[in-house]
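Chain naming here is simple, since letters A, B, ... match the order of the sequence lines and numbering starts at 1 in each.
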There are 2 protein chains.
Amino acid sequence: MNYTRRHDDRLPLYQRLHDEISERIAAQQWRPGEAIPTEAELVKQFSASVGTVRKAIDMLVAEGVLERFQGRGTFVRRARFDSSLFRFFRLQKESGERQVPEGRILLRETLVAPSAVASALRLPAHAEVIHLSRLRMLDGKPLLAESIWLPRERFAALLDIDASEFGDLLYPLYEERCGQVVASAEEDLTAEAVDDVHARLLQIPKGAPVIVVERTALGYDRQPLEWRRSRGPADRFRYHVEIR
Amino acid sequence: MNYTRRHDDRLPLYQRLHDEISERIAAQQWRPGEAIPTEAELVKQFSASVGTVRKAIDMLVAEGVLERFQGRGTFVRRARFDSSLFRFFRLQKESGERQVPEGRILLRETLVAPSAVASALRLPAHAEVIHLSRLRMLDGKPLLAESIWLPRERFAALLDIDASEFGDLLYPLYEERCGQVVASAEEDLTAEAVDDVHARLLQIPKGAPVIVVERTALGYDRQPLEWRRSRGPADRFRYHVEIR
DNA sequence: GAGTGGTCTAGACCACGGT
DNA sequence: CCGTGGTCTAGACCACTCA
């Protein structure tokens with residue numbers, strides 16, 4: 001059967017297959033964009049029937065971990081929330097297709113994690129983190145002021161590269177330079193009256209309402225990789241949800 | 001086979017079953033809380049195999065339309081977003097279990113739908129609507145100021161009952177008095193600086209940030225039943241999302 | 001045409017709930 | 001105990017992709 005780890009035999013077979021495949025992806029045995037073995041192959045490897053294998057895969061597809069293409073194969077899904085802002089916020093002026101806002105790094109420093117950051121990243125107290133401050137512009141106007149926190153250990157490579165090499169998107173950089181793949185994220189949204197510092201950064205009146213998004217980005221193993229807090233002028237954001 | 005409507009024969013069987021069951025629920029052949037026929041029964045009715053029937057039911061469960069209980073049966077799910085506010089917003093002071101905020105009707109009137117309302121409810125221009133204004137309190141403090149719009153035709157019964165009979169929750173009232181069942185909803189979230197009218201209602205300073213939630217409530221047939229706009233002090237709301 | 005995932009069948013047996 | 005949904009099998013055939 002070739003399991004990399006013992007699973008609880010009381011669990012249904014499809015659940016064990018799901019966990020097994022999930023763990024192999026977390027271990028980067030198959031990387032984002034790559035195909036996993038065919039159904040027939042998995043049937044052999046796990047000595048299960050197609051229906052059971054399909055159920056395990058169905059679950060992973062529903063979770064957004066895998067993607068299926070008839071006739072081609074089943075692939076590890078690359079999280080494409082280049083910026084979730086464009087999947088979840090639709091910029092108020094719906095002028096057409098989604099552009100990636102330009103990102104400029106204002107600050108890069110290493111320091112001991114403040115307690116809120118350490119707890120969000122599940123780091124021990126006094127662990128070192130990298131802090132980035134970043135301003136994102138769209139149509140020449142400030143859209144988001146971001147504070148980004150990363151465990152120093154995993155992301156040390158970011159300290160060596162020139163600030164100009166940081167592109168507009170960070171997650172591809174994390175993958176290429178640090179081998180850290182973001183698989184999912186959790187966000188908390190609030191709103192507040194902007195403070196003076198951010199008012200200046202965002203070029204909005206003092207006390208104007210801003211949206212605050214706190215995001216924890218997670219790997220396939222659900223370890224927190226990044227924590228960021230972003231603030232943007234409220235009137236440029238609209239968030240849409242379906243409720244059942 | 002007993003289909004209530006012709007379906008496209010090119011669609012997979014499980015898809016046609018899904019649509020068929022979905023339509024019967026929309027037609028109130030089975031009402032919320034009631035059981036649909038057993039899998040064995042559906043197998044007979046549709047002359048399909050169990051696996052196929054189960055796949056159709058799986059889809060409806062995933063959509064939140066049905067609920068399964070091993071050994072008991074499969075039931076039409078009663079939308080339990082008594083207030084979505086408690087499933088999606090966690091009130092800032094996480095002091096324990098969820099209370100339903102007290103709701104007080106401030107105004108009830110009939111008028112011609114403003115164009116934004118008509119379009120949200122997909123009503124013809126100049127259709128009549130019922131407009132409710134409502135203030136919701138929690139711990140004695142104003143939490144939400146709501147404007148609620150309903151198609152007059154479907155909800156005429158609300159005009160006959162005493163304002164004191166409106167409880168803290170409206171959706172059960174819609175079901176009991178008007179036979180209108182809310183199955184799902186769509187919400188748009190924004191934030192803004194509060195205007196003077198709402199500042200007074202919510203007892204917050206002028207210009208303070210408020211969360212604005214615009215919700216369209218839909219029936220099982222996805223017809224819009226209600227449109228409402230709610231405003232609440234931003235510092236009492238925190239919205240949590242998972243992203244994949 | 002070879003190989004992939006997609007649909008569908010007709011069973012078997014298990015686990016759970018209510019009587 | 002019976003009836004419900006839950007798991008699982010071992011196939012068949014279809015639809016699509018790519019060389």
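Whole-Å rounding puts the B/M59 CE to C/dT7 C1' distance at 13 Å. Look at CD on B/Q15: it is 14 Å from P on C/dG6, rounded to the nearest Å. One atom, CZ of A/F46, and another, P of D/dC8, lie 14 Å apart when rounded to the nearest Å. The CD atom of B/E39 sits 14 Å away from the P atom of C/dT9 (whole-angstrom rounding). As a whole-Å value, the separation of B/R16 CZ from C/dT7 C1' is 11 Å. Taking atom CG on A/L42 and atom P on D/dT9, their separation rounds to 13 Å, with Å as the unit. Here C/dT7 presents its P atom at 13 Å from NE2 of B/H18, a figure rounded to the nearest Å. Rounded to a whole Å, the NZ atom of A/K55 is 14 Å from the C1' atom of D/dT9.
Set against D/dG6, C/dT4, C/dG6, the side chain of A/R54 has C/dG6 as its closest nucleotide. Candidate nucleotides C/dG5, C/dT9, D/dC8 were compared by shortest atom distance to the side chain of A/Y14, and D/dC8 ranks first. Nearest to the side chain of A/L13, among C/dC8, D/dG5, D/dC8, sits D/dC8. Closest to the side chain of A/T52, out of C/dT9, D/dC8, D/dG5, is D/dC8.
Residue B/T74 places at least one side-chain N or O closer than 4.0 Å to OP1 or OP2 of D/dG5.
Across all strands shown, B/A48 has heavy atoms under 4.0 Å from sugar-phosphate atoms exclusively, and none from any base.
Remark: the B/E23 side chain and the B/Y220 side chain contain no N/O donor-acceptor pair separated by less than 3.5 Å.
With B/E146 as the partner, the salt bridge (charged side-chain N to carboxylate O under 4.0 Å, His left out) test is satisfied by one option alone out of B/R215, B/R104, B/R229, B/R134: B/R134.
At least one donor-acceptor pair under 3.5 Å links the side chain of A/D168 to the backbone N or O of A/G103. Within the 3.5 Å criterion, the main-chain N or O of B/S49 finds no donor-acceptor partner in the side chain of B/R54.
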Nucleotide-resolved protein contact map, nucleotides 11-19 of chain D, B/S/- at heavy-atom distance under 4.0 Å:
B---BBSS-
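Taking the ring pair (Phe, Tyr, Trp, His ring centres under 6.0 Å) definition, one finds that A/F155 meets it with A/Y174, sequence neighbours left out.
Between A/P224 and A/R122, some side-chain heavy-atom pair lies under the 4.5 Å cut-off.
Contact check on A/E20 versus A/R16 returns no salt bridge, with no Lys/Arg side-chain nitrogen under 4.0 Å from an Asp/Glu carboxylate oxygen.
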